[in-house]
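Reviewing the structure listed below.
The sequence lines fix the lettering, A, B, ..., with proteins before strands; numbering per chain opens at 1.
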Amino acid sequence: MNDFQSNEYVQFFDGGIAPTLENLGGKGASLVTMTEAGMPVPPGFVVATAAFDAFMDAAGITAEIHALLAGVDPEDVAAVDRVSLRIREDITSRPIPERIRELTRRAYDALQARFDAPAPVAVRSSATAEDLPDASFAGQQDTYLWLEGFESVGEHVRRCWASLYTSRAIIYRLRNNIPNEGLSMAVVVQKMVNARVSGVAMTLDPANGDRSKITIDSSYGVGEMVVSGQVTPDNLVLDKVTLAMVREHIGDKHAELVPDPQAHALVEREVDAGRRAVRSLTDAELEAVARMAKRAEKHYKCPQDIEWALDRDLPDGENLLLLQARPETVHSAKAPAAPATPASPGSLWGGFSGTLLKPSA
Amino acid sequence: MSMKSFPKPSELPVPAGAEGWEKIYPYYLVFQDELKEAEDAKFWFCDSQHWPTVYKPFETIGGEFAVKCLGQYNARHLMIPNANGIEFRVHLGYLYMSPIPVPEDQIAARVPLFEERVGHYFANWETLLQQWHTKVRGTIDEMETLRFAKLPEIVPIEDIRSGKAKDGSEVLLENYDRLIQLCYQNWQYHFEFLNLGYIAYLDFFNFCKEVFPNIPDQSIATMVQGVDMELFRPDDELKELAALAVELGLQPHFSHTDAPEATLAAIGAAAGGERWLARWDEAHEPWFNFTVGNGFYGHDKYWNEHHEIPLGYIADYIRRLDDGQDIMRPKEALIREKERIVEEYRDLLDGEAQAAFDAKRTLAATAYPYVENHNFYIEHWTMGVFWRKIRELSRMMHAEGFWAKPDDLLYLTRNEVRDALFDLVTAWGVGAAAPIGATYWPAEIERRRGIVDALKTARPAPALNTPPASITEPFTRMLWGITTEQVQQWLGAGEEVPGGGLRGMAASPGVVEGIARVVHDADQLSEVQQDEILVATVTAPSWGPIFGKIKATVTDIGGMMSHAAIVCREYGLPAVTGTGSASTTIRTGQRLRVDGTKGTVEILDAPAVQGPGAHSHHHGHDAEPANV
């Protein structure tokens, strides 16, 4: 599906190269792993740490950066801010080496070739674990949404590189005695999700912790309204093994968030009565969501709480995207009560009278 | 919620022409005026799953033996703690049942007895089941030896010389009594393992419902059900015969299978025909002891007496093979899918729960297949021989002038037949011109025929009197699918199906749309076209060959373990069972959407007009369900 050959500098999520944290950073490695495990994330590629390293070599500013950082007092926030700004300006003003720029442009074109019309992308930094405080911090710092055109993408890749030297990152490393030598940064370029329908799925029944079910909340548009509880989504409970419907509640789904391409933002609009009254997922889509949730659980070996979306820009059968997967810890803790197993454990048939005397089968 | 009620027996109208119907059945089978208060206080449900059409008087034998013997195992053999047997009555020609609970204060005392008895069976399952096969086979073999021949003009001289001193009539009387006894005997054996199969299943079922709340019943059934069952064997034999016919190039000889003798002769004369006929003979015994019905009616046709039936199915399979279709059941795939399902549920458990799952499932998977396989030995084989012998007797008595049509014996109760036989041997013995029965029975049989035909014009009520608040008796739920929800559904209080339509049991998963073919009896099966949706009151195991060409099945009657459900899961077809009224609501030719995962049937081109005043002008076969 992709004629772009992943290489040392640029790797597609589905490019078939085994990911390493060192090469792709935490986020990038995770996106490749998920794609390979049948959990399709929005398509994209990673500009590997090797690209950053080559960029820094070409720019020849590494020694200067080390010198600037050497004298900084982590308690002097104003001084840190000054150094941070200077380093970042230095990085963003340097040209990207032509070879890397060309490979990134070809990757960008290959990505766009998958859609009928040019699709906006997100550019995110993907740090290797030791460099930055924690995952949530990494996520917070550099994510650029709704980017269009390669020029803009290239520009924001450099900004992500520069984010290695935000004030907070500098202070963190100083306080934790993490050396500045050998730092690197990967950057993820990923299609912006154009959600027609989205929601969450849990690989259990939150009502009782029953792990033989998959619970799906689904509504129109971008999933934010489901996650934040602003709409009543369709609530569907499937048997995890056979995917048979166990409970089905059609939610009101009165509004949806949809992308406004001009504003590069999401706008809320009302859902008409006809669409409210019907389930937001077809049988086939529902099954696809459930199967993806099952794969996520199998991959991570524990109950999962996933966010998913059906992307308008992708063809049926390839349009289900996994946006996030995290362990489900709240409900899985309250597993169903241990069953009343044989009264006389020594005999297999012990306790049959118990089974017949139950109030209802 | 106020409890709605079904009609009382006395409130059901007697169809015109059926007046006096009570007297054509044994006295103990009908509701009694003197017991009205007690009988009206009980809830009775109609078992139209096994007895979908009106009994002729002799035919109550199957209902009586089956339900009596089911009950004895609960109440006297196994001492099921909370369930005795099931009382039964014939009302307006249909069988109604009422389970007898065990009084609360007696339940505890039965528990140790029950555990000991059930324990013995589960611990010695294979040995006892092997013994069962020997016993059942012995009964059938003995039944086959019984003859109902015309009595000789004179006692043979050898009997004079040997001083036998009996005229041979005693053999006729003994053989009749023996035939009835042998039938009774195999019905006792029938239930030796059946209740146990259900107990093991129920035990696993309850366990699954506990550890996997709301697990679909379908999943549980799939985990214990056999894939390669004796129930499917007759159908598999036909498929193999079809494949062999194709291999030998015998297809041209299957164009007139309604003339079976000529067909078989033509095959025999063709090259390779001898080999095919040898295979046919091999399949014949025992697998063609197979009825198109369910073994409970004298009019059932058996393959081994009606060769046009298996030959017709074979011809159909040959056509499909020539069209390049795969007629074999996807056994391998079904086994793999079953294993996947077991494995995935199992993996959701750990420790003790997983060990309990393994133990209970293994036991259920050992014991449950009996529930599916016994059917061939009793309903098909035993009853096939039994009805054949009864016809032999009926025809002999017909020749003696007892009745107008060869099979009219069915209009007598089995004890009246005993009287008539004594009438026969008396008239013969004393040298009278004719038995009294030749004068008495023809008119009486005509009168009874009129009553039976009149009764057939009405469908049974699904149930009688006020249902209990909830139905908890385990066997009623398991065997007949009579649940609190089902009863509410019958009373019209169930959940509506969007856009109108029918709700039943989600018996086999999948969703399809297609054209309905309503079938009220086995003789209509030849009308079923490729890719239609079969709609029937109930289906029978011998309808197997039909399941290879239909898209889905909808029945009025039956639960998760009904024949239609089992076969559809086997063939991977959606099925909705126990809809109550599909065969009378749906018309052949209507477009349906069958959702076997949810248990709903939508009529996609349903006529807008319904209710009083709206009536169908359709007078086709399928509009008259009662006249089968």
Side-chain angles (χ1 to χ4, degrees), chain A residues 203-215 236-248 250 277-279 282-284 286-287 291 294 297-298 301-303 332 335-361, chain B residues 80-83 107 110-112 114-115 118-123 199-200 202-216 218-219 222 340-345 348-349 351-353 355-357 359-360 362-363 470-475 477-478 483-484 506 509 511 595 597-598:
Chain A
T203 59
L204 46 68
D205 183 349
N208 55 14
D210 172 14
R211 292 195 50 194
S212 71
K213 305 293 180 296
I214 294 172
T215 309
L236 313 157
V237 180
L238 306 187
D239 182 86
K240 192 186 285 177
V241 176
T242 62
L243 306 185
M245 185 80 79
V246 175
R247 279 202 307 274
E248 177 174 18
I250 304 299
V278 298
R279 200 172 71 195
T282 65
D283 288 350
L286 182 60
E287 187 181 318
R291 286 193 187 281
K294 271 179 84 168
E297 181 180 62
K298 196 169 178 197
K301 298 183 176 64
C302 68
S332 51
T341 40
S344 43
S347 74
L348 198 54
W349 48 89
F352 280 120
S353 43
T355 220
L356 292 174
L357 293 171
K358 273 192 205 343
S360 81
Chain B
I80 305 289
N82 61 340
I107 290 176
R110 285 170 72 147
V111 168
F114 166 76
E115 299 277 350
V118 171
H120 176 75
Y121 266 96
F122 287 138
I199 288 169
L202 202 56
D203 184 55
F204 180 60
F205 182 95
N206 285 340
F207 174 81
C208 286
K209 289 286 179 185
E210 202 163 339
V211 290
F212 311 123
N214 302 315
I215 179 175
Q218 236 165 53
S219 293
T222 306
R340 177 192 73 83
I341 288 173
V342 170
E343 214 45 45
E344 285 198 24
Y345 282 115
L348 293 168
L349 301 170
E352 270 182 44
F357 174 91
K360 287 169 187 290
T362 303
L363 185 66
S470 67
I471 291 173
T472 56
E473 198 280 313
F475 292 109
R477 294 173 61 97
M478 275 290 300
T483 61
T484 308
V511 185
D595 188 331
T597 311
K598 285 188 201 148

Query raised in the report: How long is the span from the CG atom in B/Asn214 to the CG atom in A/Asp210, to the nearest 0.5 Å?
Result: 7.5 Å
Query raised in the report: So which part of A/Lys240 gets closer than 4.5 Å to some heavy atom of chain B, the side chain, the backbone, both or neither?
Result: both
Query - Atom group of A/Val241 that falls short of 4.5 Å from chain B, counting heavy atoms - result: both
Query - Heavy-atom pair count under 4.5 Å with chain A, highest-scoring of B/Arg340, B/Lys598, B/Arg110, B/Glu344 - result: B/Glu344
Report summary line: side chain to side chain contact (heavy atoms under 4.5 Å, CB included) filter on B/Ser219, not counting sequence neighbours, yields A/Asp239, A/Thr242, B/Ile215, B/Pro216, B/Tyr345
**Report entry** B/Leu348 versus chain A, the contacting section by heavy-atom distance below 4.5 Å
**Finding:** side chain
